[in-house]
Amino acid sequence: MGTVGIILAGGRGERAKPITLESADYIRSKALIPFVGRRLIEWVVDACREQGIRRFYVVAQGLENRSQIMLLLGHGERYGVEVRYSRPSFDRYNVGSGAATLHNLEEWDLVEQALVLPVDSVFDFSLAELTETHRSTGAVVTVASVARTPQEVAGKYGAMRTDPRGLVSGFVEKPDLARIADLFPETRNDAEALIPTNAGMYLVDCARLRQAAREPELMRQAQQRLDWGGDLLPTLVGRGLPVATHRIARLGDLGNVEDYLITLKDVLAGDYPLMNQLMDKPDSDTGRYWIHETSLATRDEITGTTLADKIEDGSVVIGPGVRIGRHVAVGRDVRLEYADVGDGVELRAGARLSRSSCGDAAVIGPYADISDTYVGPMVEIQSDREHPVRLEGFSALGDGVQLWPGSRLSGVSVYPRLRVPAIANLPSGTRLTSSDDILRWI
């Protein structure tokens, strides 16, 4: 019967603001976040299709979320798959990822094996290996896990304890270091000891999970709030149902600005073999970069020379891990490494961009120095040689933001369409959400 895919795409993307904002009060679906030239949900569908999944069920939530995803995916025709969506009348039941899954399993009458996965992560995994673990353990649910050190786990990830058979015996949601030391004694003397953490991907036996969900207490929970990690899995284990764990190669979280940028750099560097298969072959294997032919032929407005000319004469340096989209204009003395540059971008003379993402039609002024930063579509950075802009420390500029010359931001998020003067000494973690926020710092 094969495996079907269930994509949990109803989240509001609060942690990822301003990446998920089109305006201060309009949130785009997490599924539509841009990533390496495509939208997240497209990467999810392609990764699953490459491993044999041809039928997908999307759990959406609300008018905007559902319509945005449907406009992109349709019913799957462009992607060679079949896509079906949760009914709008079920939105009121989608209170938590676990509840949304259980209610829609019934609605869709699924009895086969299903891969349940979120839309705000990229994975490096083998479905065949995951399935083998699932079958050999006789599990109702097999949890994809990623091994992490205690320092990585503390306060951020859910950890799992397993028995000698490889079945999960307990879950701990985001434990601190002291709790980790109690639960995993081997970590007390080895700070590099690895702990299995929940990657948020689940292979499920739909028929058996549906049967388990008909137990009255679980039915009651599903009417309130029921998340996979914090509620549903512990309940299944507590009732003695077999829940297995299978270690996958890698998980890249895209749920907040810092994780988005770290994952972006790793993907551009080639650290995700599954993503490498889905991406076009690099123009250069040694430098590992991709430059669209229209950008190579585009002339900058100052010198009138093409990007191809400037790369050849060494006045533009393309380092490793660079993707440049269509019709990008690049000035002299630009330096790029581990940078994702969208369509129609203008990179003016002397600009530096590293470990960063630059959205479609953004304008990066002369001598701007940008590292570890998300720059949204239509952003204008008004930098110049005398007053260069510097962005770093996992900053993020929402759609259409304008920065004045001389701006220095580190770890600062700016919401869409704001005009920001050259403010200095903003504390890391500051969010400029409105003009009133800006006035407080002038």
Side-chain angles (χ1 to χ4, degrees), residues 6 8 10-11 15 59 93-106 110 113-118 120-121 123 130 133-134 137-148 150 152-187 194-248 251 253 255:
I6 299 176
L8 303 177
R15 292 189 304 127
V59 179
Y93 300 123
N94 295 343
V95 283
S97 56
T101 303
L102 296 180
H103 287 300
N104 284 287
L105 287 180
E106 290 292 339
L110 297 180
Q113 178 173 282
L115 184 67
V116 181
L117 66 169
D120 59 353
S121 300
F123 298 91
L130 188 60
T133 296
H134 188 67
T137 58
V140 173
V141 177
T142 297
V143 183
S145 70
V146 174
R148 303 183 192 273
E152 291 174 319
V153 172
K156 186 172 182 179
Y157 296 103
M160 295 179 287
R161 290 178 289 127
T162 57
D163 65 19
R165 298 170 297 166
L167 296 179
V168 177
S169 58
F171 293 87
V172 190
E173 191 67 14
K174 300 179 181 179
D176 59 21
L177 284 173
R179 180 78 169 136
I180 290 172
D182 288 339
L183 295 171
F184 303 93
E186 66 274 17
T187 65
L194 296 177
I195 299 168
T197 63
N198 185 351
M201 174 193 287
Y202 313 104
L203 194 62
V204 306
D205 181 328
C206 292
R208 292 167 68 197
L209 183 59
R210 287 172 62 185
Q211 183 63 39
R214 290 172 185 142
E215 189 268 335
E217 178 57 24
L218 199 50
M219 289 179 67
R220 185 191 64 79
Q221 284 183 272
Q223 301 302 319
Q224 300 171 21
R225 181 169 187 88
L226 188 71
D227 286 316
W228 263 102
D231 305 307
L232 180 53
L233 290 173
T235 297
L236 296 176
V237 170
R239 291 176 52 195
L241 294 168
V243 173
T245 181
H246 175 86
R247 181 173 170 177
I248 62 172
L251 157 71
D253 189 3

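All heavy atoms count here, side chains included; hydrogens, waters and symmetry mates do not. Residue numbers start at 1 and run along the sequence shown. Computed from a predicted model, the values in this text were never measured in an experiment.
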* Residue pair Asp120 / Arg15, side-chain heavy-atom distance below 4.5 Å -> yes
* Quick one: does Leu209's side chain get under 4.5 Å of Leu236's, heavy atoms only? -> yes
* Asked: Got a second to check how far Thr101's OG1 is from Arg210's CZ, nearest 0.5 Å?
  -> 13.0 Å
* Decide if atom CZ of Arg165 counts as having more than 12 heavy atoms of other residues, nucleotides or ligands within a radius under 6.0 Å. => no
* Tell me, do Val168 and Leu233 make a side-chain contact under 4.5 Å, heavy atoms counted? -> no
* **Minimum-distance pair of heavy atoms, taken over all atoms of Val204 and His134** => C-NE2, 4.0 Å
* Quick check: does any side chain N or O of Asp227 sit under 3.5 Å from a backbone N or O of Gly229, one acting as donor and the other as acceptor? -> no
* Asked: Is Asp163 reaching over with its side chain to a backbone N or O of Gly166, donor-acceptor style, under 3.5 angstrom?
  -> yes
* Structure fact -> So CG of Leu203 and CD of Gln113: to nearest 0.5 Å the spacing works out to 4.0 Å
* To do: Would you please name every residue forming a side-chain contact (heavy atoms from CB on, under 4.5 Å) with Ala144, sequence neighbours left out?
  => Ala199, Met201, Ile248
* Test side-chain contact (heavy atoms from CB on, under 4.5 Å) on Leu241 and Val141 and set out the steps. => CA-CA 9 Å; Leu241 294 168; Val141 177; over 6 Å; no
* Around atom CZ of Arg148, are there more than 12 heavy atoms of other residues, nucleotides or ligands at under 6.0 Å? -> yes
* To do: Grab the two heavy atoms, one from Pro242 and one from Arg208, that are nearest each other, plus how far apart they are.
  => CG-NH2, 3.7 Å
* Determine the sole option in Leu8, Val116, Leu226 for which the side-chain contact (heavy atoms from CB on, under 4.5 Å) test with Ser97 is passed. => Leu8
* Distance-only, no hydrogens or angles: does the Ser169 side chain make a donor-acceptor pair with backbone N or O of Arg161 under 3.5 Å? -> yes
* Side chains of Thr162 and Thr245: donor-acceptor distance under 3.5 Å anywhere? -> no
* Which atoms form the tightest heavy-atom contact between Leu105 and Cys206, and what is the distance? -> CD2-SG, 3.8 Å
* Asked: Looking at Glu106 and Arg214, what are the two nearest heavy atoms and their distance?
  -> OE2-NH2, 3.1 Å
* Rounded distance [0.5 Å steps], OH in Tyr157 versus CG in Asp253 -> 5.5 Å
* Asked: Roughly how far, to the nearest 0.5 Å, is the CD atom of Glu152 from the CD1 atom of Ile195?
  -> 9.5 Å
* To do: List the atom of Leu194, the atom of Arg247, and the distance in Å for their closest heavy-atom pair.
  => CD1-NH2, 3.9 Å
* Are Leu110 and Ile6 close enough, and set up right, to give a side-chain contact (heavy atoms from CB on, under 4.5 Å), and what steps lead you there? -> CA-CA 11 Å; Leu110 297 180; Ile6 299 176; 4.0 Å; yes
* Structure fact -> When every non-hydrogen atom of Thr137 is compared with those of Ala244, the smallest separation belongs to OG1-CB, 3.4 Å
* To do: Test Thr142 against every option in Leu167, Leu130, Asp205 by the side-chain contact (heavy atoms from CB on, under 4.5 Å) rule and name the one that passes.
  => Leu130
* Asked: Is there a donor-acceptor contact under 3.5 Å from the side chain of Arg239 to the main chain of Glu215?
  -> no
